[in-house]
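Reviewing the structure listed below.
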There are 4 protein chains.
Amino acid sequence: MARPKEHKPETILLAALSVFHEEGVTVSTARIAKAAGVSNGSLFNYFPTKQALIDALYVSIKSEMAAAVGEPDHAKPIEHRVRQIWDRWFEWARDNREAHHVMNLLHQAGLASADAQAVGNQHFEGSVAVFDEALAAGVLVDLPIDYLGALVQQQIDQAVVSELDDHQAEVAFGVLWNGITRNSNPPSTKASQ
Amino acid sequence: MARPKEHKPETILLAALSVFHEEGVTVSTARIAKAAGVSNGSLFNYFPTKQALIDALYVSIKSEMAAAVGEPDHAKPIEHRVRQIWDRWFEWARDNREAHHVMNLLHQAGLASADAQAVGNQHFEGSVAVFDEALAAGVLVDLPIDYLGALVQQQIDQAVVSELDDHQAEVAFGVLWNGITRNSNPPSTKASQ
Amino acid sequence: MARPKEHKPETILLAALSVFHEEGVTVSTARIAKAAGVSNGSLFNYFPTKQALIDALYVSIKSEMAAAVGEPDHAKPIEHRVRQIWDRWFEWARDNREAHHVMNLLHQAGLASADAQAVGNQHFEGSVAVFDEALAAGVLVDLPIDYLGALVQQQIDQAVVSELDDHQAEVAFGVLWNGITRNSNPPSTKASQ
Amino acid sequence: MARPKEHKPETILLAALSVFHEEGVTVSTARIAKAAGVSNGSLFNYFPTKQALIDALYVSIKSEMAAAVGEPDHAKPIEHRVRQIWDRWFEWARDNREAHHVMNLLHQAGLASADAQAVGNQHFEGSVAVFDEALAAGVLVDLPIDYLGALVQQQIDQAVVSELDDHQAEVAFGVLWNGITRNSNPPSTKASQ
DNA sequence: GATGAATGAGCCTTCATTCAT
DNA sequence: AATGAATGAAGGCTCATTCAT
């Protein structure tokens with residue numbers, strides 16, 4: 001029935017991606033199996049539990065995204081490397097809206113297990129290292145690395161969600177870079193409450 | 001049996017807040033009822049459906065937060081007003097970590113109904129107006145208002161999640177403000193891919 | 001709130017009648033109480049259980065109907081007495097469609113307890129006696145008394161349900177009487193199967 | 001565990017028939033499942049809702065009965081055809097007391113949906129046509145077709161309930177036929193009230 | 001490996017009944 | 001009496017998981 005040569009686990013993950021995107025966090029395994037064109041039972045030949053399937057989906061999206069972002073080129077200056085991460089990440093997310101959405105959904109709703117999230121993060125060690133280095137070099141403002149990393153991720157996410165065009169994305173990168181680098185004057189005074 | 005004078009709906013919402021925080025999106029009404037110290041059936045004397053309970057929880061958190069943020073003082077300059085929003089919001093979120101977490105959880109997991117989200121947003125019209133005005137005044141970079149608003153929210157969220165101290169929060173506000181205001185040069189060149 | 005002078009049990013029974021008629025066999029005690037304008041709990045001050053309420057309703061309808069039918073006049077000939085039962089019964093049922101419907105509903109759905117049905121039947125002993133006597137006198141065809149009695153009841157029921165007018169009801173009585181009296185030739189032959 | 005070769009939906013319907021007969025309109029799906037020797041959840045593999053199960057039960061009984069009654073033979077005279085309907089219907093009902101009882105129960109308690117009742121009635125169009133024709137031919141008294149049809153049904157029902165033997169059933173048919181045909185004198189006078 | 005019927009724990013919700021006020 | 005909140009046992013239904021074929 002389904003296209004014969006496709007590898008089943010991938011087919012199932014793609015189906016899961018689609019139904020999570022369209023139907024939210026409550027989808028059943030039966031629904032996923034049906035969308036994948038396999039029987040209810042078959043799904044469990046590939047993923048022993050629903051949690052395993054969710055984790056595999058999360059990790060597969062995250063590693064696909066990591067592959068798209070690639071490894072930073074250590075020969076290039078910091079700003080260039082940060083910009084490259086931004087560009088490729090943004091491009092990937094814009095071209096893979098469903099995957100991007102579902103990745104965030106699984107993460108934010110707490111459906112992906114801690115283990116899966118850890119594995120997913122490993123794929124981004126290269127990118128994180130760029131920020132570590134920038135921080136050590138004194139290029140960035142003095143804030144925890146996880147905070148800065150989160151800002152990058154959130155701003156890219158939001159740029160995709162807000163469907164920024166290329167020009168706007170350019171401006172948006174400026175917002176990020178001008179924010180996190182040291183060349184700026186601190187804001188004046190704290191507002192009285 | 002339960003403490004006699006406590007108002008029940010509030011007690012139930014507090015219990016729901018707690019278990020959503022601790023056990024995630026999958027909590028059952030029975031679990032909430034037990035945490036609230038009422039019987040399974042009693043919960044439905046106050047909230048006709050689980051969805052109604054979730055919506056009430058979402059709206060109650062959001063309006064509590066809105067009350068904490070307050071209305072901006074139109075006599076003050078823009079930056080002051082933005083700073084005030086940031087300060088109060090951050091303070092509230094830091095003091096109400098559970099509520100802050102659950103609010104985001106219900107929103108991001110799609111559990112709060114569209115109606116509830118609309119009601120919740122009404123409470124923030126005053127704050128949104130500040131950004132509208134800043135945008136119109138040419139103070140901010142030229143990006144969609146929803147994008148800018150989301151940045152504020154996400155950076156505050158992250159500041160709370162990352163448990164920034166007061167000094168770091170000060171720096172973090174600088175990151176936001178230096179990013180979204182116009183006084184900065186755009187970053188030089190787009191990275192080659 | 002409710003009209004002050006009405007006797008509560010009757011008010012409740014009338015409300016029950018109405019909601020059973022309009023909403024079928026599944027009505028809740030809460031629904032009945034609301035329709036009666038009393039609180040949920042008050043209902044149980046008058047009827048210790050839902051079953052008791054149903055039984056009281058059944059018996060009250062049945063005895064009201066019996067009162068309408070009255071006692072047969074032993075001075076009159078059999079046919080007259082049967083006709084009188086038919087007339088009064090039909091008239092009552094036509095004027096009390098809801099009660100008639102609910103009485104049958106409680107009976108046929110098995111909601112009225114056996115005891116209640118026995119009590120209800122006691123009110124019709126006078127009428128049954130007419131048929132006993134007719135049977136003994138050889139006026140009627142030789143069939144069990146319960147069978148003949150049931151025919152009378154069912155034909156009246158159906159006459160009401162079919163909304164026969166006076167003339168049709170006259171004809172309908174003829175159908176009954178010509179059927180159950182002996183003056184007619186038996187039908188010719190049994191159909192071969 | 002359960003007997004392996006039995007067809008499940010039929011097994012479940014038979015179990016439902018039995019428990020509706022024995023326990024009345026309030027039986028739970030769990031009770032039916034247990035009687036059928038399947039798990040609670042299994043029942044819903046065959047009938048998506050309790051209503052669907054009830055409707056299927058109603059229609060299956062009604063069509064089985066219709067099959068037993070068969071199509072009238074248009075070559076035979078009216079009386080013969082009516083008699084044939086009576087005979088076969090009576091025989092089926094006597095041999096299928098439970099089914100007969102439950103069919104009436106579902107109908108009278110309003111448990112079978114309007115759709116199911118419509119479908120059930122389609123199976124009896126042939127029989128109804130016989131009465132239509134008899135009415136048109138002037139054989140029957142001038143009463144609405146639904147009234148006459150109801151009489152037939154009710155008298156057969158009652159004959160079964162009263163457990164008439166063959167001879168009594170013969171007499172009972174006479175009651176029906178002599179009642180509904182024109183050859184009889186109308187009863188004399190209306191009783192004074 | 002593939003299937004899909006079977007399972008039964010668990011879910012949300014209803015409701016007759018109780019009881020403190 | 002009258003109230004209506006509180007109860008908790010069911011009820012209908014879902015679904016992740018198993019397993020015989």
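Letters A, B, ... mirror the listed sequences (proteins, then strands); counts begin at 1.
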TODO: Give a yes/no answer on whether the side chain of Y46(C) brings an N or O atom under 4.0 Å of OP1 or OP2 in dA2(F).
DONE: yes
Task: Rounded interatomic separation in angstrom, taking CG from N40(D) and P from dC13(F) - done: 10 Å
- [ ] Please state how far atom CD1 in I32(A) lies from atom P in dG4(E), giving the value in whole angstrom units.
- [x] 18 Å
Open item on the list: Using a 3.5 Å distance criterion without hydrogens, assess whether the side chain of D55(C) forms a donor-acceptor pair with backbone atoms of A116(C).
Closed with: no
Open item on the list: Looking at dA2(E), I'd like to know if its phosphate oxygens (OP1 or OP2) sit under 4.0 Å from a side-chain N or O belonging to S39(A).
Closed with: no
Open item on the list: The side chain of F44(D) is closest to which nucleotide in this list: dC15(E), dG4(F), dT14(F)?
Closed with: dT14(F)
Task: d(CD, Q51(C); P, dC15(E)) in whole Å - done: 17 Å
Task: Length of the line joining E23(D):CD and dA10(F):P, which is rounded to integer Å - done: 14 Å
Open item on the list: Which is more 5' along DNA chain E, the nucleotide nearest N45(D) or the one nearest N45(B)? Just name the residue.
Closed with: N45(D)
TODO: Would you mind telling me which of dT7(F), dC12(E), dA6(F) lies closest to the side-chain atoms of K8(B)?
DONE: dA6(F)
Task: L17(B) backbone acceptor or donor facing E22(B) side chain under 3.5 Å - done: no
Open item on the list: Rounded to whole Å, please give me the gap between CZ in F47(C) and P in dA1(F).
Closed with: 14 Å
Task: Modelled atom types, side-chain donor and acceptor of N121(B) and Q117(B), under 3.5 Å - done: no
Task: Whichever of G41(D) and T49(B) has its nearest DNA chain E nucleotide further upstream toward 5' - done: G41(D)
Task: Distance test, side-chain N/O of S42(D) to OP1/OP2 of dA5(E), below 4.0 Å - done: no
TODO: Between dC12(E), dC15(F), dT17(F), spot the one nearest the side chain of S28(A), thanks.
DONE: dC15(F)
Open item on the list: Does a side-chain N or O of T29(C) approach OP1 or OP2 of dC15(E) to a distance below 4.0 Å, or not?
Closed with: no
Task: Minimum-distance nucleotide (side-chain atoms of K50(C) versus dA5(F), dC12(E), dA16(E)) - done: dA16(E)
TODO: For the pair H21(B) and H101(B), name the ring-plane relationship: parallel under 30°, tilted 30 to 60°, perpendicular over 60°.
DONE: perpendicular
Open item on the list: Rounding to an integer number of Å, can you tell me how far L53(B) CG sits from dC11(E) P?
Closed with: 15 Å
Open item on the list: Let's test this: given Watson-Crick or G-U wobble pairing with both distances under 3.5 Å, identify the partner of dA9(E).
Closed with: dT14(F)
TODO: Grab the CG-C1' distance between D55(C) and dA16(E) for me, whole Å please.
DONE: 15 Å
- [ ] Identify the nucleotide, in any strand shown, that forms a Watson-Crick or G-U wobble pair with dA20(F), with both distances under 3.5 Å; if there is none, say none.
- [x] dT3(E)
Open item on the list: Please report the distance, rounded to the nearest Å, between NZ in K34(C) and P in dA16(E).
Closed with: 14 Å
Task: E64(A) (side chain) donor-acceptor with V59(A) (main chain) under 3.5 angstrom - done: no
